[in-house]
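Quick notes on the structure that follows.
In each ligand, atom 1 is the first atom listed, and ligand 1 is the first ligand listed. Starting from 1, each residue takes its place in the sequence as its number. None of these values were measured; they are calculated from a predicted model.
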Amino acid sequence: MSRIAYVNGRYLPHGDAGVSVDDRGFQFADGVYEVCEVRGGKLVDERRHMARLQRSLDLLRMDRPMSVASLAIVMRETIRRNRVSDGVVYVQVTRGEMRRDFPFPPAGTPPTLVVTARTNNLARIEAQAEAGIAVITVPDDRWRHVDIKSVSLLPNVLAKQTARDKGAREAWLVDAQGRVTEGASSTAWIVTREGVLVTRPLAGDILPGITRSVLIDLVKAQGLRFEERPFTVEEAYAAREAFVTSASQSIMPVVEIDGRPVGNRAPGTAASALRRDYHSKAEFT
Ligand code: PDD
């Protein structure tokens with residue numbers, strides 16, 4: 001079965017789908033995106049993802065390509081046409097098409113909208129969660145607006161490749177003070193020796209992760225000890241547990257940081273329990 005992409009009003013096989021060479025996304029990474037989990041054919045936390053998409057568009061002064069209601073229909077139709085039951089749906093909006101020039105295109109230039117969907121190998125992700133993943137740390141050399149979910153992801157790509165080259169799944173980005181900001185494509189968390197869950201606060205220097213926000217609701221509802229504060233790499237080395245969160249993998253235990261074991265190099269009990277409970281707090285639509 002060929003994969004189907006929605007591009008500016010049409011559903012096309014990926015081989016025939018494309019945007020103009022003059023698209024602002026291609027020329028300048030002048031675009032934003034969202035990745036939303038699909039479970040049992042339903043969207044997970046769609047409302048929060050759509051609110052974050054609106055925030056990204058507003059901060060970059062970009063027009064919406066269509067209403068929230070229409071986009072909801074296109075996302076579901078893309079999921080349906082790709083027969084995705086468990087996976088992700090990807091939404092990308094760019095500032096449209098214009099002969100290459102830095103200033104914005106004239107008012108009224110239609111934004112480009114691309115929606116794709118793909119099936120995830122749940123068994124593989126589950127096996128990964130049972131084993132836990134390794135992360136490495138690299139300097140966070142991204143621009144200052146990483147709270148916007150922009151498609152400008154080159155530093156993240158380079159960090160992720162460095163991780164892969166070193167046999168790790170994820171890279172943790174580290175600020176000038178030696179504190180972890182977030183993963184290249186995930187939110188970073190630790191559980192201290194005292195059993196306190198810690199993740200960095202939202203202060204413009206990390207992406208406001210949707211999985212992060214839902215998990216905080218869950219952690220509070222369960223009455224777990226939780227602190228929103230930056231943590232250092234040293235603190236992470238000494239942590240009882242570590243894990244990352246993102247839409248595509250929910251909660252993924254981290255068992256190794258820079259080659260050093262976290263705890264006894266096995267997924268922690270807190271991370272595993274939160275992974276089990278996560279979807280009880282998530283919204284399915
Ligand atoms: N990545 N931080 C960064 C830099 C991310 O790219 C992501 C998500 C997250 C977690 O956000 P959320 O919980 O909303 O998925 C944090 C997505 C999955 C991606 O780029 O594929």
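- Applying the ring pair (Phe, Tyr, Trp, His ring centres under 6.0 Å) test to pairs two or more places apart or on separate chains, those with a residue in residues 239-273 are Trp189-Phe243.
- For a heavy-atom separation below 4.0 Å, the residues in contact with ligand 1 are Tyr33, Val35, His49, Arg52, Lys149, Asn156, Glu182, Gly183, Ala184, Ser185, Ser186, Thr187, Leu207, Gly209, Ile210, Thr211, Thr245, Ser246, Ala247.
- For Asp258, the side chain to side chain contact (heavy atoms under 4.5 Å, CB included) partners at least two apart in sequence or on another chain are Ile136, Thr137, Val233, Tyr237.
- Scanning for side-chain hydrogen bond (donor to acceptor under 3.5 Å, both in side chains) contacts around Thr78 gives an empty result, with sequence neighbours left out.
- With Glu37 as the fixed residue, the side-chain hydrogen bond (donor to acceptor under 3.5 Å, both in side chains) test singles out one of Gln249, His279, His49: His279.
- Geometrically, Arg95 engages Phe104 in a cation-pi contact, judged by NZ or CZ lying under 6.0 Å from the ring centre and within 45° of the ring axis.
- Side-chain contact between Leu197 and Leu274 is present, with at least one heavy-atom pair separated by less than 4.5 Å.
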